[in-house]
Visitor: 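Just passing along the structure, written as structure tokens.
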Amino acid sequence: MNLIGLGAVLALAIPSGAVGQAPDSGAVDAGRKIYAAEKCFTCHQIAGKGNRVFPLDGVGRRLTPVEIRRWFTHTVEMEDQLPKRPAIRMSSRKYRFSPAELDALVAYLQSLK
């Protein structure tokens, strides 16, 4: 299921070479560390660790890198596209990731296939 339209994709800044390539292992490791430091496991689960209500296993298969990025940059819009509003909203958090941190998080989440 594609959660965003072409206009949103074109409006997004994507690092050069990011589409269609496997995530860089250094970026994946950096993203894993950011995920842990930000305590994302409080709301999400990966490989049986964390909150089982919102698992992220397989997210790299279900969402494109652009869609994953939008969950951090346009969180309210992404939540509005869900069939049912979650009880715990990701939009309640105010993310202030640098471009490099955001790239690393996207690489890590994209690696979860």
Side-chain angles (χ1 to χ4, degrees):
M1 172 168 79
N2 189 349
L3 298 177
I4 58 176
L6 180 59
V9 172
L10 295 174
L12 225 118
I14 304 170
S16 64
V19 177
Q21 292 183 358
D24 169 292
S25 65
V28 170
D29 289 340
R32 184 180 296 113
K33 289 175 184 171
I34 294 167
Y35 177 91
E38 291 292 321
K39 297 180 176 58
C40 299
F41 53 81
T42 303
C43 294
H44 297 283
Q45 181 182 73
I46 296 173
K49 295 180 182 173
N51 187 336
R52 63 184 168 85
V53 177
F54 302 109
L56 290 175
D57 295 306
V59 71
R61 227 180 12 258
R62 292 188 308 272
L63 298 177
T64 69
V66 170
E67 291 167 330
I68 292 171
R69 182 177 301 273
R70 285 188 65 78
W71 271 104
F72 293 103
T73 61
H74 295 81
T75 311
V76 173
E77 290 174 20
M78 295 302 281
E79 287 175 340
D80 287 347
Q81 294 178 25
L82 294 172
K84 181 181 174 190
R85 280 204 162 228
I88 302 170
R89 294 190 183 136
M90 194 169 158
S91 61
S92 67
R93 301 270 325 253
K94 301 299 178 206
Y95 299 104
R96 291 190 173 92
F97 296 118
S98 71
E101 291 170 326
L102 186 55
D103 290 347
L105 278 166
V106 170
Y108 173 53
L109 295 173
Q110 187 62 39
S111 77
L112 302 176
K113 295 193 178 194

Visitor: Are Phe97 and Glu38 side-chain neighbours, meaning at least one heavy-atom pair lies under 4.5 Å?
Guide: yes

Visitor: Could you tell me which non-hydrogen atom of Arg61 sits nearest to which non-hydrogen atom of Lys113, and how far apart they are?
Guide: NH1-C, 2.6 Å

Visitor: Other residues, nucleotides and ligands only: do more than 12 of their heavy atoms fall within 6.0 Å of CZ on Arg85?
Guide: yes

Visitor: Walk me through whether Ile34 and Glu101 qualify under side-chain contact (heavy atoms from CB on, under 4.5 Å).
Guide: CA-CA 7 Å; Ile34 294 167; Glu101 291 170 326; 3.7 Å; yes

Visitor: Please report the shortest heavy-atom distance between Ser111 and Val28, naming the atom on each side.
Guide: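 Nearest pair, atom of Ser111 first, then Val28: OG-CG1, 3.7 Å.
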
Visitor: Please walk me through it: do Tyr35 and His44 pass side-chain contact (heavy atoms from CB on, under 4.5 Å)?
Guide: CA-CA 10 Å; Tyr35 177 91; His44 297 283; 3.5 Å; yes

Visitor: Minimum heavy-atom separation for Thr64 and Gln110, please, with both atom names.
Guide: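 The answer is C-OE1, 3.6 Å.
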
Visitor: Search all heavy atoms of Glu67 against all heavy atoms of Met78 and return the closest pair with its distance.
Guide: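 Distance-wise, the nearest heavy atoms are O-CE, 3.7 Å.
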
Visitor: Can you tell me how far apart CG (Asp57) and CZ (Arg62) are? Round to the nearest 0.5 Å.
Guide: 8.0 Å

Visitor: Once rounded to the nearest 0.5 Å, what's the spacing between atom CZ of Arg89 and atom CD of Glu79?
Guide: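 The distance works out to 6.5 Å.
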
Visitor: Nearest 0.5 angstrom please: Phe72 CZ to Leu105 CG, how far?
Guide: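 Going from the CZ atom of Phe72 to the CG atom of Leu105 covers 4.5 Å.
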
Visitor: If I take atom CD1 from residue Ile46 and atom CG from residue Asn51, how far apart are they, to the nearest 0.5 angstrom?
Guide: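 CG of Asn51 is found 12.0 Å from CD1 of Ile46.
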
Visitor: Hey, does the side chain of Gln45 reach the backbone of Phe54 with a donor-acceptor pair shorter than 3.5 angstrom?
Guide: no

Visitor: Do Val76 and Met90 belong together in a cluster built from hydrophobic side chains that touch within less than 4.5 Å?
Guide: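 No; Met90 is not reachable from Val76 via cluster members.
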
Visitor: Could you give the distance from CG (Leu109) to CZ (Arg32), rounded to the nearest 0.5 Å?
Guide: 10.5 Å

Visitor: Could you state the interatomic distance from SG (Cys40) to CG (Leu56), rounded to the nearest 0.5 Å?
Guide: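 It is 8.5 Å, given to the nearest 0.5 Å.
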
Visitor: Side chains of Trp71 and Leu63: closer than 4.5 Å at any heavy-atom pair?
Guide: yes

